[in-house]
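Inspection log for the structure reproduced underneath, given as C-alpha cells.
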Amino acid sequence: MKTPLKVGIIGNGSIGTCHAASCSKSPDTKVTALCDLLEDRMARVAADSAPTAERFTDYRKLLAHADVDAVFVCLPNYLHAPVSIAGLEAGKHVFCEKPMTISVAAAQDMVAAAGKAGREGKVLQIGMVWRQDPAAVTIRKLIASGVCGTIYHIRTTLIRRRGIPGLGGWFTTKKFAGAGAVMDIGVHWIDTSMFLADAWKPQTVSAVNHAQFGPAMRRITRAPSMSRTTPPGWCGSRAAHR
Ligand SMILES: NC(=O)c1ccc[n+]([C@@H]2O[C@H](COP(=O)([O-])OP(=O)(O)OC[C@H]3O[C@@H](n4cnc5c(N)ncnc54)[C@H](O)[C@@H]3O)[C@@H](O)[C@H]2O)c1
C-alpha cells in the first residue's frame with residue numbers, strides 16, 4: 001500500500017473526529033476529504049485535523065471526485081452497508097465503523113462486495129478495534145501457546161456507567177441503530193472473545209434482555225447535552241436534536 005494513504009472521513013461526528021485526528025498525526029495517512037451533512041462539523045474537523053481537505057455534503061460526490069485511496073465510514077449504523085459497498089465499488093479501501101451493519105443480509109452484501117474488491121487489492125476492515133489492543137494481542141498469543149489449557153467457556157461483561165449516549169437520536173432508534181447495547185458495545189466483546197479463543201463458529205446463541213432503560217426512555221423527547229445527531233427526516237430541524 002503506498003503511503004501516505006489519502007483518506008476521506010465520511011461522518012464527522014464523535015468517532016469521525018477521532019479518526020481524522022489520528023490520521024492527521026500519522027506519517028502514513030493524510031486526510032484529503034471530509035463529508036458530513038452538517039457543514040459546521042466538517043469545518044471543525046478541517047480546522048483541527050485537515051485544513052486542506054476537500055469538503056462534501058454528499059458521500060457519493062466524495063467517492064466520485066475526491067482524491068482519496070481509502071474512506072472511513074463513521075455514520076449511523078444503518079448507513080454502514082450502503083456507504084461501505086459504494087466505497088468498495090468506487091475502488092477505495094474501506095474502514096467501516098462497528099457494528100458492521102444492522103442485518104445479516106446487509107452484512108452478507110458487504111462480504112460479497114469486499115470479495116469482489118479484494119480481487120482488485122482493496123480491503124474492507126470493520127472497526128473491531130480491540131483486536132489491535134496490545135493486551136488482547138498478548139492474551140491471544142498466550143491462549144494459542146497452550147498456556148491457558150483448553151478454552152471451553154468465555155464470559156464477558158461490560159457496564160457503561162455514563163448512561164445512554166445520544167439518547168433520543170439515531171443511536172436509540174431501532175430503524176437507524178439496528179438494536180441497542182449489544183449492537184453498540186456488545187459487538188466489541190463478542191468479537192474480542194472469538195478473537196482471543198480463535199473460535200469463529202458459535203454453535204448456539206442465547207440472550208437475556210433487561211428493559212429497565214427502555215420504558216424510562218419513552219418519557220424523554222430531547223437530550224440537549226448529547227452530541228449524536230439524528231439523520232435528516234427523523235425529527236425536524238437540527239436544533240431539535242441538539
Ligand atoms: N469503535 C468504537 O469504539 C466507536 C466509538 C464511537 C462510535 N462508533 C461507531 O461510529 C459510528 C458513528 O458514531 P458517532 O458516535 O460518531 O455518531 P455521530 O452521530 O456523532 O456522528 C455521525 C455523523 O454522521 C453524519 N451523517 C449522518 N447521515 C449522514 C449522511 N447521509 N451523509 C453524511 N453524513 C451523515 C451526522 O451529521 C454526524 O455528524 C456508529 O456506527 C458507532 O457505533 C464506534
Side-chain angles (χ1 to χ4, degrees), residues 8-23 33-46 48-49 53-64 66 68 71-87 94-103 106-107 110 125-133 136 158 160 162-192 195 223-242:
I9 310 280
I10 305 178
N12 295 176
S14 60
I15 200 71
T17 300
C18 296
H19 286 308
S22 302
C23 288
L34 299 172
C35 173
D36 202 290
L37 295 173
L38 304 180
E39 301 206 21
D40 55 341
R41 292 200 167 188
M42 274 192 285
R44 195 193 56 214
V45 173
D48 291 347
S49 308
E54 280 185 275
R55 298 186 213 169
F56 300 86
T57 49
D58 183 336
Y59 74 85
R60 286 166 289 233
K61 291 196 175 145
L62 181 153
L63 293 174
V68 295
V71 290
F72 282 71
V73 177
C74 306
L75 297 169
N77 304 348
Y78 78 109
L79 291 169
H80 289 187
V83 180
S84 296
I85 291 169
V94 174
F95 178 100
C96 174
E97 264 304 341
K98 50 55 61 176
M100 184 172 187
T101 180
I102 61 171
S103 73
M110 291 170 84
Q125 181 178 350
I126 308 300
M128 307 314 309
V129 289
W130 286 93
R131 292 192 200 179
Q132 280 82 49
D133 182 78
L158 187 62
R160 172 177 268 148
R162 289 176 299 155
I164 305 174
L167 188 58
W170 73 260
F171 192 70
T172 52
T173 304
K174 192 168 183 181
K175 191 167 124 188
F176 302 127
V182 168
M183 198 71 119
D184 178 31
I185 47 183
V187 291
H188 276 306
W189 286 160
I190 293 168
D191 183 80
T192 304
F195 172 74
S225 62
M226 302 298 178
S227 67
R228 278 181 166 130
T229 54
T230 39
W234 153 245
C235 68
S237 73
R238 274 167 57 187
H241 51 75
R242 275 284 160 93

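In listed order, ligands and their atoms are each counted from 1. The shown structure was predicted, so the numbers you read here are calculated from the model rather than taken from an experiment.
Set against the non-hydrogen atoms of G11, the atoms of ligand 1 under 4.0 Å away are 24 (O). Heavy-atom contacts of P99 reach the following atoms of ligand 1: 43 (O) (cutoff under 4.0 Å). Heavy-atom proximity to L38, at under 4.0 Å, picks out these atoms of ligand 1: 37 (O). Atoms of ligand 1 found under 4.0 Å from any heavy atom of N77 (numbered from 1 in listed order, with element): 40 (C), 41 (O), 43 (O).
W130 and H188 have perpendicular rings, their planes meeting at more than 60° on a 0 to 90° scale where under 30° would count as parallel. Ring planes of F72 and H19: tilted class, angle from 30 to 60°.
Residue H188 places a heavy atom less than 4.0 Å from ligand 1. Under the 4.0 angstrom criterion for non-hydrogen atoms, W170 is in contact with ligand 1. In this structure, A177 has no heavy atom closer than 4.0 Å to ligand 1.
No side-chain heavy atom of V45 sits under 4.5 Å from any side-chain heavy atom of I9. Taking 4.5 Å as the limit, some side-chain heavy atom of K98 sits within range of a side-chain heavy atom of D184. Side-chain contact between L63 and F56: absent, with no pair of heavy atoms (C-beta onward) separated by less than 4.5 Å.
Heavy-atom proximity to atom 29 (C) of ligand 1, evaluated over L62, L34, L37, I185, is greatest for L37. With atom 1 (N) of ligand 1 as the reference point, the heavy atom nearest to it among M183, R41, E97, H19 is part of E97. Which of T57, V187, D36 comes nearest to atom 39 (O) of ligand 1 through a heavy atom is settled by distance: it is D36.
Considering T17, D36, N12 in turn, T17 is the only one that fulfils the side chain to side chain donor-acceptor pair (under 3.5 Å) rule with R44.
When heavy-atom distances to ligand 1 are checked against a 4.0 Å cut-off, C74 comes that close only through its backbone atoms N, CA, C and O. Within the 4.0 Å heavy-atom criterion, neither part of T17 lies near ligand 1.
The backbone N or O of V73 lies less than 3.5 Å from no partner atom in the side chain of H80, so there is not a single donor-acceptor pair.
Here the CH2 atom belonging to W189 is positioned 6.0 Å from the CG atom belonging to L158, to the nearest 0.5 angstrom.
For ligand 1, the polar-atom distance check against L75 finds a nitrogen or oxygen pair separated by under 3.5 Å.
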Does the pair I126 and M110 meet the rule for a side chain to side chain contact (heavy atoms under 4.5 Å, CB included), with working shown?
CA-CA 10 Å; I126 308 300; M110 291 170 84; 4.2 Å; yes
